[in-house]
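Read the structure below first, then the notes.
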Amino acid sequence: MNDEIQEQAVASTTPSASDDYAVPDDLFIPPDALIVILEAFEGPLDLLLYLIRRKNLDILDIPVAEVTEQYMAYIDVLTSLRLELAGDYLVMAATLAELKSRMLLPRKSDEAEEEEDPRAELVRRLLEYEVFQKAAEEIDELPRVDRDIFIAQVDRSDVPVEIDPPKVELRELLIAFTEVLERDKMRRPHPIDIESLSIRERMTNLLTQLANRDGYVSFLELFDHTESREGAVVTLLALLELIRDSVVSVIQHGSYEPIFVTRAHSSG
Amino acid sequence: MMELNEVRRAVEALLLVAEDPLSRTQLAGLLKEHDEDESNLSALVEQSLELIKADCSERAYELVEVGSGFRLQVRPEFNKWIGKLWMQRPRQYSRALLETLALIAYRQPITRGEIEQVRGVSVSSYTIRTLIDRGWIRELGAKDLPGRPMMYGTTRSFLDYFNLKTLDDLPPLHELQSPANDIVDSVTQ
Amino acid sequence: MMELNEVRRAVEALLLVAEDPLSRTQLAGLLKEHDEDESNLSALVEQSLELIKADCSERAYELVEVGSGFRLQVRPEFNKWIGKLWMQRPRQYSRALLETLALIAYRQPITRGEIEQVRGVSVSSYTIRTLIDRGWIRELGAKDLPGRPMMYGTTRSFLDYFNLKTLDDLPPLHELQSPANDIVDSVTQ
């Protein structure tokens with residue numbers, strides 16, 4: 001099933017195919033859903049590392065053709081969701097394409113030792129990035145104030161302490177507020193006013209599907225393969241909405257393991 | 001089943017972390033385990049509070065009962081040192097504090113959670129406390145939401161300090177937004 | 001001239017009220033009176049810290065030294081109860097933010113361009129701004145390069161927040177496949 005999806009994705013890398021499956025103009029994509037998709041990967045290196053690790057490929061001997069194909073398939077999915085891709089992804093796509101072609105060129109054996117493997121630079125970057133990816137995970141796990149560490153504090157007594165508070169001008173307050181709003185805007189996707197029923201409808205369908213099948217349902221089973229690519233996109237977005245609203249939860253027992261979906265337990 | 005000493009230390013820990021006073025009922029509720037006998041637990045909490053009260057005589061803080069429950073506060077005899085600590089603090093309010101104040105001024109009534117949502121970082125109780133102490137904001141009552149979060153608004157003395165007659169005298173938002181956009185644009189280019 | 005017991009209680013009071021950790025120097029500075037002999041006072045502060053540390057074994061909190069000084073923390077064994085009290089969900093940080101923070105922590109001083117080079121993707125101003133707002137990183141000055149890019153490093157508050165005393169306490173980098181150079185060499189052969 002997995003392969004099927006991939007083949008579909010790969011097949012549509014040709015322009016004509018992706019035109020056929022273009023997302024309709026009136027499709028409302030919730031801005032939050034886009035953020036979820038975009039944040040799935042932290043850029044091209046992250047995506048590449050994922051593709052390599054998922055297939056247990058040797059990072060020191062990357063099969064460039066295979067990885068490039070998968071990379072392009074993902075880019076294509078993003079494009080079909082009409083996500084504006086960071087330029088970095090496209091630069092990487094070009095780099096991979098170039099690598100692929102260079103790998104095809106025969107290398108003279110006597111020059112081999114002099115000539116650097118065309119993949120060396122990419123490998124170095126992937127390894128370096130991976131080191132910091134792990135470091136970031138470890139920092140996240142360090143005991144942290146207000147999560148694992150609680151500061152012991154007592155109140156000041158009711159007897160007032162003499163203090164001379166700093167002065168503030170109205171101007172400073174306004175600047176502060178402007179900055180808050182600006183920052184808030186940077187974080188928020190631009191609002192889209194058109195609402196389409198298709199995702200709401202699909203959310204209901206998904207919930208019915210989950211209710212009929214007590215317990216866990218495989219993520220892949222939720223997609224109807226007889227449907228168009230557009231249908232799959234709507235299902236995905238509906239699922240993301242449900243996850244965001246904590247109506248369903250998604251479970252994966254480990255990296256690269258199958259994904260299951262279940263009704264979230266109402267804890268309250 | 002917990003022992004008295006265990007309960008005593010847990011009560012102390014809870015009081016040291018709680019932002020607001022905790023009542024007997026709240027304390028017992030927090031310490032309740034599945035099989036706990038409630039009346040026994042209440043008795044243990046009561047005894048713990050007595051123990052902490054007695055025990056604190058040796059310490060820098062004391063257990064005080066106020067309207068909504070118990071809290072630990074520093075003994076007034078140490079105010080001399082604490083005053084110095086306060087004086088040493090920066091002579092300027094932090095940006096976090098000013099932004100929080102600005103949000104409360106423009107968006108009141110607003111909860112701490114709502115402020116955090118806009119600012120994207122958490123708002124410390126210290127910031128809220130400082131603003132209340134300064135007399136610029138006040139609690140407006142709990143919002144009808146799960147957890148009943150407190151709503152905040154500005155005070156009369158906030159208006160006085162900034163020389164405003166009413167909140168309507170705050171510069172309107174749309175005026176603020178356009179110049180800022182220009183700044184952001186010019187920075188990103 | 002203060003007695004040891006008086007200093008000990010004052011130190012405890014200050015630590016319990018202060019927003020941020022207090023260093024030995026800060027504590028001594030706060031407790032200094034006109035006629036105080038400084039070296040004597042430092043010794044008293046040092047002894048007080050020792051006493052508090054020893055004394056706390058019976059209590060719900062403990063004295064911990066982090067980047068910017070000493071603070072009193074509730075012992076982790078009580079987290080079980082505190083979790084029920086602490087309604088605020090702990091904040092989740094995005095991978096973008098954590099990776100940027102990790103690069104700054106391990107490679108400081110580092111410019112935004114250098115971070116982008118490793119991550120392979122541009123670092124948003126929002127990320128940098130959030131890290132500065134949280135007080136975890138700061139600008140260290142411009143690098144002597146074309147465009148004079150700003151260099152960043154971590155702060156003491158970063159150490160405090162993650163319960164670290166110095167940067168050496170950071171988990172070691174997993175350069176297991178170590179030195180990247182060797183690998184690149186082996187690839188090239």
Side-chain angles (χ1 to χ4, degrees), chain B residues 5-6 8-20 22 26-27 29-33 52 55 58-61 72-75 77-89 94-96 99 112-113 116 119-122 124-127 129-130 146-149 184 187-188, chain C residues 2 5-20 22 26-27 29-33 48 52 55-62 72-91 93-94 97 124-127 129-136:
Chain B
N5 190 43
E6 203 182 341
R8 198 215 67 188
R9 301 206 322 155
V11 167
E12 198 183 353
L14 286 168
L15 290 172
L16 282 167
V17 171
E19 314 222 309
D20 301 306
L22 294 173
Q26 279 174 308
L27 285 167
L30 288 166
L31 293 172
K32 192 168 154 40
E33 286 177 310
I52 293 170
D55 179 64
E58 261 301 286
R59 315 208 69 82
Y61 55 87
L72 298 170
Q73 62 181 41
V74 84
R75 290 177 183 280
E77 62 192 275
F78 297 104
N79 270 6
K80 174 170 129 191
W81 312 118
I82 290 162
K84 281 176 83 179
L85 176 67
W86 249 251
M87 296 296 281
Q88 277 195 354
R89 307 206 6 265
S94 67
R95 216 170 78 195
E99 289 184 1
R112 191 154 138 182
E116 291 177 343
R119 293 198 57 234
V121 291
S122 61
S124 75
S125 357
Y126 172 73
T127 300
R129 177 90 196 246
T130 307
R148 306 200 41 80
V184 170
V187 169
T188 51
Chain C
M2 285 198 288
N5 191 43
E6 204 185 340
V7 174
R8 199 216 64 185
R9 300 205 324 153
V11 167
E12 200 182 353
L14 285 167
L15 290 175
L16 280 169
V17 171
E19 260 300 293
D20 298 308
L22 295 172
Q26 278 174 303
L27 284 167
L30 287 165
L31 295 171
K32 191 167 152 43
E33 287 176 307
S48 298
I52 294 171
D55 179 65
C56 283
S57 58
E58 261 301 286
R59 317 209 64 82
Y61 56 82
E62 57 192 343
L72 297 169
Q73 297 178 177
V74 172
R75 291 180 182 279
E77 62 192 272
F78 299 105
N79 280 6
K80 170 172 134 191
W81 311 116
I82 294 167
K84 290 167 83 179
L85 172 70
W86 207 250
M87 293 300 285
Q88 254 174 302
R89 292 280 112 231
R91 218 152 245 290
Y93 295 103
S94 68
L97 187 123
S124 76
S125 325
Y126 175 72
T127 301
R129 191 99 177 241
T130 306
L131 288 169
I132 291 178
D133 270 6
R134 293 256 18 180
W136 291 345

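Just so we're on the same page: letters track the sequence lines, and every chain starts at 1.
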Tell me, for [X] versus chain B, whether the close heavy atoms (under 4.5 Å) come from the side chain, the backbone, both or neither.
{"X": "C:E19", "answer": "side chain"}
{"X": "C:V17", "answer": "both"}
{"X": "C:R8", "answer": "side chain"}
{"X": "C:R9", "answer": "both"}
{"X": "C:L22", "answer": "side chain"}
{"X": "C:N5", "answer": "neither"}
{"X": "C:L16", "answer": "side chain"}

Measuring heavy-atom distances to chain C, does B:A10 have an atom under 4.5 Å in its side chain, in its backbone, in both, or in neither?
-> both
Atom pair NZ (C:K80) and CG (B:L31), whose distance is rounded to the nearest 0.5 Å = 9.5 Å
From B:K84 NZ over to B:F78 CZ, what is the distance, rounded to the nearest 0.5 angstrom?
-> 14.5 Å
Please name all residues satisfying side chain to side chain contact (heavy atoms under 4.5 Å, CB included) with B:R95, sequence neighbours left out, ordered by chain then number.
-> A:E179, A:R183, B:E99, C:R129, C:D133
Check for a donor-acceptor pair, side chain of C:R75 on one end and backbone N or O of C:R59 on the other, with a separation under 3.5 Å.
-> yes
Would you please name every residue forming a ring pair (Phe, Tyr, Trp, His ring centres under 6.0 Å) with B:W81, sequence neighbours left out?
-> none
Heavy atoms only, distances under 4.5 angstrom: which of C:V11, C:L72, C:D20, C:D55 has the most pairs with chain B? Name it, please.
-> C:D55
